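Written out below as structure tokens is the structure these notes cover.
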Amino acid sequence: MDKNAKISLSRRPLLAAAVVMTAATGLAVANAQPALASSHRPCTVVKHSNTDGVVKVGTGTATLGADGLKVATAPSKNDDKVSWRANFRPVAANTVNELSYETVKLDQAGAGVNDAALPAYHIYVKTPAGEGTLVFEPYWYLGQIGLPGNPQRGLRTEWNVLQGKLWTPSTTITGLAKTAGGAPEKTFAQVVADNPRMTVTGIGFGLGTYNPGTTAIIDDQRFATRTSCTDHQWSTGFRGGVFWPGWLR
């Protein structure tokens, strides 16, 4: 665990169909992870055609592809880390009604590989006590909903962060104790209830330290309030002015 433009009409309907297909496929697999669709309401799409802003530590890598951003850490390299953050004007946390993202775990089991690891969703907040971070990790979420085992490899899954519980590496969030990687204690709604003056100042992801040998795609990181919605997408297809995700070709 971690230590430390309007929506594309060609993409989103197909994505929604793919999520439904994933859910149906998952019924036949003993430890299949859930396909958790968000609202899919129209969002402003922020198109990332490069890896600008992605921070790499140690031998961690970030490679852009047609179907998202591939992040990786080397086997047995606990210090490797890959992360990204987008800041925005603070919004009241009690207006947030969508937090989601998509991942695909691509690595293979073997020596020095963390079978549980996937990029975590980071929510950057501010309370009267100062700035802080809330972290969602798919591995913990699976256990919470009664699906034992690690995230399934090769399965593109959309995670509804609002349904999962969060942990924090910060000391500024009432009701959550600082930890180095879980176990998560409360949902976002519960954290907001404990921190009624909390604002959200940014979102991001992190494939953190002590997640060696992990390779994963991350894409479609969404953040929405009652009045606005933003969807961060990564693809080499944006460079040519036409986007068609590789996994749907």
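As the structure is a prediction and not an experimental result, all values here were calculated from the model.
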- Would you tell me whether S100 and W159 have side-chain atoms, one donor and one acceptor, within less than 3.5 Å of each other?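 No.
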
- No-hydrogen, no-angle side-chain donor-acceptor test under 3.5 Å, E158 and N160: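 No.
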
- Message: Test of understanding: with side chain to side chain contact (heavy atoms under 4.5 Å, CB included), list the residues that count as partners of A93, not counting sequence neighbours.
- Response: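 Per chain and number, A93 pairs via side chain to side chain contact (heavy atoms under 4.5 Å, CB included) with F188, V192, M198, V200.
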
- Task: List in chain and number order the residues that pass side chain to side chain contact (heavy atoms under 4.5 Å, CB included) with N50, two or more places apart in sequence or in another chain; answer none if no residue qualifies.
- Result: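 If we apply the side chain to side chain contact (heavy atoms under 4.5 Å, CB included) test to N50, skipping adjacent residues, the hits are D52.
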
So does [Y] get a backbone contact from the side chain of [X], meaning a donor-acceptor N/O pair under 3.5 Å?
X	Y	answer
D80	T59	yes
T168	S170	yes
T51	V54	no
W140	G181	yes
K47	Q233	no
Q144	K165	yes
R197	T127	no

- Message: Which heavy atom of C229 sits nearest to which heavy atom of P42, and what is that distance?
- Response: CB-O, 3.9 Å

- CD1 (I203) and CG (N87) are apart, to the nearest 0.5 Å, by 10.0 Å

- Item | Spatial distance of atom OG1 (T157) from atom CD (Q152) [nearest 0.5 Å] | 7.5 Å

- Item | Side-chain touch T214/K105, heavy atoms, less than 4.5 angstrom | yes

- Task: Check whether any side-chain heavy atom of V191 sits under 4.5 Å from a side-chain heavy atom of I173, and report yes or no.
- Result: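 The answer is yes, as the side chains (C-beta and beyond) meet within the 4.5 Å cut-off.
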
- Message: Among residues at least two apart in sequence or on other chains, which ones pass salt bridge (Lys or Arg N to Asp or Glu O under 4.0 Å) with K186?
- Response: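 Testing K186 for salt bridge (Lys or Arg N to Asp or Glu O under 4.0 Å), a comparison that skips the adjacent residues, returns D194.
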
- Answer yes or no: is there an ion pair linking R222 with E98, defined by an N-O contact shorter than 4.0 Å? yes

- Message: Under a 4.0 Å threshold between the charged nitrogen and the carboxylate oxygen, would D219 count as salt-bridged to R156?
- Response: yes

- Item | Step-by-step side-chain contact (heavy atoms from CB on, under 4.5 Å) determination, D79 to K77 | CA-CA 6 Å; D79 292 334; K77 294 288 187 178; over 6 Å; no

- Message: Testing Y121, Y124, W234, Y101 one by one against W84 for a ring pair (Phe, Tyr, Trp, His ring centres under 6.0 Å), which residue passes?
- Response: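 Among Y121, Y124, W234, Y101, the one meeting ring pair (Phe, Tyr, Trp, His ring centres under 6.0 Å) with W84 is W234.
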
